[in-house]
Amino acid sequence: MFKKLLAFFAAMFLVAAFAAVDVNKATEAELDGIKGIGPVTTKLIIAERKKGEFKNWDDFVTRVKGVGDKSAAKFSAEGLTVSGAKYEGPAAAPAKKADKPLTEKAKDAAVTTKDAVKGAAISTKDAVKETAKDVKAAVTPKADAAKPAASAAKK
């Protein structure tokens with residue numbers, strides 16, 4: 001009989017250990033018992049809960065500093081609930097508007113801009129070539145200018 005009673009209490013303990021802990025009703029000790037929730041997070045949760053109960057997981061994640069989607073998923077897997085609900089991921093983001101097709105005027109402007117950029121690049125390239133020729137000519141001494149100096153040196 002003693003073994004049956006002991007087994008019953010052990011089973012009750014295991015059930016209690018895996019029971020869901022509602023964030024709006026949990027004591028400080030129960031919150032600390034959730035893996036991943038430490039004393040600092042527990043105090044933040046209790047402080048926010050005093051302002052008003054958490055309506056849902058989004059409200060919980062928004063109000064409790066340091067808790068994001070990943071940690072909320074971990075807390076839920078460990079048995080934490082908000083108003084009896086498990087965490088099901090972040091709320092779906094609003095659908096993005098589809099890009100409007102370009103009008104003919106916009107297409108023409110894009111082509112004109114592309115041609116202008118290409119023309120400017122060619123002009124810049126030509127200007128660089130001309131400048132390089134001028135610099136080379138200025139630096140390179142002419143052969144004719146060197147001859148009189150050489151003949152003067154022989155005398």
Side-chain angles (χ1 to χ4, degrees), residues 1-140:
M1 177 72 176
F2 179 72
K3 288 183 180 179
K4 288 183 182 180
L5 189 59
L6 187 60
F8 174 75
F9 282 118
M12 293 304 290
F13 175 75
L14 287 174
V15 169
F18 291 109
V21 175
D22 193 296
V23 74
N24 289 318
K25 299 173 185 166
T27 64
E28 189 172 337
E30 290 173 326
L31 289 171
D32 277 338
I34 299 291
K35 185 177 178 184
I37 298 180
V40 174
T41 307
T42 296
K43 291 190 185 321
L44 289 171
I45 291 170
I46 291 174
E48 284 298 322
R49 189 172 67 188
K50 287 179 182 177
K51 296 176 186 176
E53 285 193 353
F54 297 103
K55 296 177 185 95
N56 53 37
W57 277 99
D58 289 334
D59 184 35
F60 176 75
V61 169
T62 303
R63 289 172 47 194
V64 179
K65 183 179 177 184
V67 175
D69 294 324
K70 288 182 181 179
S71 52
K74 289 178 186 175
F75 298 160
S76 181
E78 292 295 325
L80 189 68
T81 62
V82 177
S83 300
K86 290 191 174 261
Y87 184 71
E88 296 183 14
K96 189 177 177 182
K97 286 186 177 180
D99 292 335
K100 294 180 181 178
L102 292 176
T103 62
E104 288 301 317
K105 187 175 181 182
K107 287 179 185 177
D108 291 341
V111 169
T112 304
T113 303
K114 183 178 176 183
D115 290 342
V117 169
K118 187 176 179 181
I122 290 170
S123 298
T124 303
K125 185 177 178 182
D126 292 342
V128 168
K129 282 182 180 178
E130 289 299 318
T131 304
K133 285 181 187 176
D134 293 342
V135 169
K136 187 176 181 181
V139 172
T140 306

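All values below come from the heavy atoms of this structure, side chains included, with hydrogens, waters and symmetry mates left out.
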Show the atom names and distances, to 0.1 Å, of all donor-acceptor pairs under 3.5 Å that link a side chain in residues 35-48 to residues at least two apart or in another chain.
| residue | atom | partner | partner atom | Å |
| --- | --- | --- | --- | --- |
| Thr42 | OG1 | Asp32 | OD1 | 2.7 |
| Thr42 | OG1 | Gly38 | O | 2.9 |
| Lys43 | NZ | Glu28 | OE2 | 3.4 |
| Glu48 | OE1 | Arg63 | NE | 3.3 |
| Glu48 | OE2 | Lys51 | NZ | 3.0 |

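Looking at residues two or more places apart in sequence or on another chain, you find a side-chain hydrogen bond (donor to acceptor under 3.5 Å, both in side chains) between Asn24 and Ser83. Take Ser71 and apply the side-chain contact (heavy atoms from CB on, under 4.5 Å) test, not counting sequence neighbours, and it matches Val67, Phe75. Scanning for ring-ring contact (aromatic ring centres under 6.0 Å, His included) contacts around Phe60 gives Phe54, Trp57, with sequence neighbours left out.
The shortest distance between side-chain heavy atoms of Leu31 and Leu80 falls below 4.5 Å.
The shortest heavy-atom contact between Thr81 and Ala20 is CG2-CB, 3.8 Å.
Taken from CG in Asp58 to OH in Tyr87, the straight-line distance is 7.0 Å, to the nearest 0.5 Å.
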